[in-house]
Amino acid sequence: MITALDHIAIAVPDLDEAIKRFLEDFGLTYKGQEYVESQKTATAFFPLPETQIELVASPDGEGPIAKYIEKKGGGIHHLCFRTDDIHADVAMLKEKGYQFLSDAPGPGAHGCQVIFIHPKSCGGVLIELSQPGDDHH
Ligand SMILES: CC[C@H](C(=O)O)C(=O)SCCNC(=O)CCNC(=O)[C@H](O)C(C)(C)COP(=O)(O)OP(=O)(O)OC[C@H]1O[C@@H](n2cnc3c(N)ncnc32)[C@H](O)[C@@H]1OP(=O)(O)O
Ligand SMILES: [Co+2]
């Protein structure tokens, strides 16, 4: 079942500049970067009590973020809901007619298993479901 809002992702054209903004301008705690090969996406997380900001960028100009930046220049990209049973939630949501962007969950940042729901299925909002890995803390 959904247990938390795991993160809100903001697509940015320049990751270093955006990290500087949230670290220096907003004074957030910076948890570091991770490049997620499967999504061609560089991520940077800023944990906040109860949730975190995920910056998503495309350093090599490939992948879904590159297309988003090209089209929109940047902005809020997706909401991620954390779940304690991603397979059960996918089955339940498929039953309700939600269109998923892959057949099964795949690797996300921090060892999570993630899957995305097409924005068309969710009022124009891209939703990610994320189940933490065993070593999540
Ligand atoms: C998993 C690692 C990390 C983590 O948290 O651990 C991440 O979060 S990685 C994040 C990057 N990965 C993804 O976003 C994967 C899921 N996204 C996709 O598969 C595509 O971006 C997709 C299918 C949402 C859009 O594909 P594409 O851009 O190639 O298609 P279009 O440009 O034709 O868009 C179709 C339609 O959707 C609208 N759109 C696109 N992106 C978004 C968005 N982020 N939020 C809302 N709507 C979006 C786009 O405007 C088009 O609508 P239309 O009305 O036809 O203009
Ligand atoms: Co995400």
Side-chain angles (χ1 to χ4, degrees):
M1 68 191 211
I2 302 298
T3 59
L5 172 64
D6 189 83
H7 59 265
I8 295 174
I10 302 168
V12 294
D14 181 328
L15 186 59
D16 292 333
E17 183 189 304
I19 290 170
K20 193 166 174 291
R21 176 199 307 281
F22 286 92
L23 184 58
E24 297 179 4
D25 301 349
F26 293 94
L28 299 187
T29 305
Y30 174 44
K31 197 172 169 183
Q33 291 186 46
E34 178 181 341
Y35 182 76
V36 182
E37 178 56 42
S38 65
Q39 295 288 340
K40 302 281 181 214
T41 300
T43 66
F45 283 84
F46 296 81
L48 285 165
E50 298 310 310
T51 191
Q52 46 194 345
I53 297 288
E54 177 192 43
L55 301 179
V56 285
S58 173
D60 52 12
E62 288 176 26
I65 298 299
K67 191 163 173 191
Y68 186 91
I69 298 282
E70 194 187 307
K71 274 178 85 170
K72 292 193 63 177
I76 302 282
H77 184 260
H78 62 272
L79 301 187
C80 180
F81 293 123
R82 192 177 307 153
T83 169
D84 55 9
D85 188 340
I86 196 165
H87 294 289
D89 282 333
V90 168
M92 178 268 290
L93 291 165
K94 274 185 180 167
E95 207 43 47
K96 292 173 184 281
Y98 282 88
Q99 183 197 342
F100 284 85
L101 294 165
S102 58
D103 294 336
H110 309 147
C112 294
Q113 281 294 301
V114 303
I115 193 166
F116 289 86
I117 297 171
H118 200 291
K120 295 281 185 207
S121 289
C122 213
V125 179
L126 177 62
I127 298 286
E128 175 186 4
L129 298 181
S130 172
Q131 180 169 326
D134 299 340
D135 62 348
H136 184 81
H137 36 269

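No hydrogens, no waters, no symmetry mates; every other heavy atom, side chains included, goes into these values. In listed order, ligands and their atoms are each counted from 1.
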Determine the minimum heavy-atom distance between His77 and Ala11, stating which atoms define it.
CB-N, 3.8 Å
Check His118 against Leu101 and note the closest heavy-atom contact, atom names and distance.
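Distance-wise, the nearest heavy atoms are CD2-CD2, 3.4 Å.
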Clusters formed by hydrophobic residues whose side-chain heavy atoms approach within less than 4.5 Å: which one holds Val36, and what are its other members?
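Result for Val36 is none, singleton.
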Hey, is His110 touching ligand 1 through its side chain, its backbone, both or neither, going by heavy atoms under 4.0 Å?
neither
Below 4.0 Å, non-hydrogen atoms only: which portion of Ala109 touches ligand 1? Side chain, backbone, both or neither.
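Under 4.0 Å from ligand 1, Ala109 contributes backbone and side-chain atoms.
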Return the closest protein heavy atom for [atom] as residue, atom name and distance.
atom                    : result
atom 30 (O) of ligand 1 : Lys67 NZ, 3.8 Å
atom 55 (O) of ligand 1 : Lys120 NZ, 3.4 Å
atom 19 (O) of ligand 1 : Leu101 CD1, 3.6 Å
atom 7 (C) of ligand 1  : Glu54 OE2, 3.6 Å
atom 20 (C) of ligand 1 : Pro64 CB, 4.1 Å
atom 11 (C) of ligand 1 : Thr41 OG1, 3.6 Å
atom 41 (N) of ligand 1 : Tyr68 CD1, 3.8 Å
atom 16 (C) of ligand 1 : Phe116 CG, 3.6 Å

Using non-hydrogen atoms of the residue, decide whether Ala9 is closer than 4.0 angstrom to ligand 1.
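No.
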If you measure every N or O of Gln39 against every N or O of ligand 1, does any of those distances drop under 3.5 Å?
yes
Taking only heavy atoms of [X], which atoms of ligand 1 are found under 4.0 Å from at least one of them?
X      : result
His77  : 14 (O), 43 (C), 44 (N), 45 (N)
Val114 : 1 (C)
His78  : 8 (O), 10 (C)
Lys71  : 31 (P), 32 (O), 49 (C), 50 (O)
Ile65  : 11 (C)
His7   : 5 (O)

Whether [X] side chain and [Y] backbone form a donor-acceptor pair below 3.5 Å:
X     : Y      : answer
His7  : Ala9   : no
Thr83 : Ser130 : no
Thr3  : Asp84  : no
Gln99 : Lys120 : no

Return a table of donor-acceptor pairs under 3.5 angstrom between the side chains of residues 62-73 and protein atoms on other chains or two or more places apart.
residue, atom, partner, partner atom, Å
Tyr68, OH, Lys72, NZ, 3.4
Tyr68, OH, Ile76, O, 3.0

For the Co ion (ligand 2), every protein N/O/S atom that sits closer than 2.8 Å, waters excluded
His7 NE2, Glu54 OE1, His78 NE2, Glu128 OE1
Is there a protein heavy atom at a distance of less than 4.0 Å from [atom]?
atom                    : result
atom 13 (C) of ligand 1 : yes
atom 26 (O) of ligand 1 : no
atom 22 (C) of ligand 1 : no

side-chain contact (heavy atoms from CB on, under 4.5 Å) for Asp85 and Met1? Distances and angles first, verdict last.
CA-CA 6 Å; Asp85 188 340; Met1 68 191 211; over 6 Å; no
Kindly determine whether Lys40 and Tyr35 satisfy side-chain contact (heavy atoms from CB on, under 4.5 Å), including the steps that lead there.
CA-CA 7 Å; Lys40 302 281 181 214; Tyr35 182 76; 3.5 Å; yes
Using a strict threshold of under 4.0 Å (side-chain N to carboxylate O), is an ion pair present between Arg21 and Glu24?
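Looking at Glu24 and Arg21, the cut-off is not met.
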Taking atom CG of Asp103 as the centre, does the number of heavy atoms from other residues, nucleotides or ligands within less than 6.0 Å exceed 12?
no
How about NZ on Lys20, more than 12 heavy atoms from neighbouring residues, nucleotides or ligands closer than 6.0 Å, or not?
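No.
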Do Val114 and Leu5 land in one hydrophobic cluster if side-chain heavy atoms of ILVMFWY residues count as linked below 4.5 Å?
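Result: no, two separate clusters.
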Return the orientation label for the Phe22 and Phe46 ring planes: parallel under 30°, perpendicular over 60°, tilted otherwise.
tilted
Step by step, work out the side-chain contact (heavy atoms from CB on, under 4.5 Å) result for Leu28 and Leu48.
CA-CA 8 Å; Leu28 299 187; Leu48 285 165; 3.7 Å; yes
Among Ser58, Ala57, Pro119, whose heavy atom sits nearest atom 48 (C) of ligand 1?
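Among Ser58, Ala57, Pro119, the closest heavy atom to atom 48 (C) of ligand 1 belongs to Pro119.
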Would you please name every residue forming a side chain to side chain donor-acceptor pair (under 3.5 Å) with Tyr98, sequence neighbours left out?
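Not a single residue meets the side chain to side chain donor-acceptor pair (under 3.5 Å) criterion with Tyr98.
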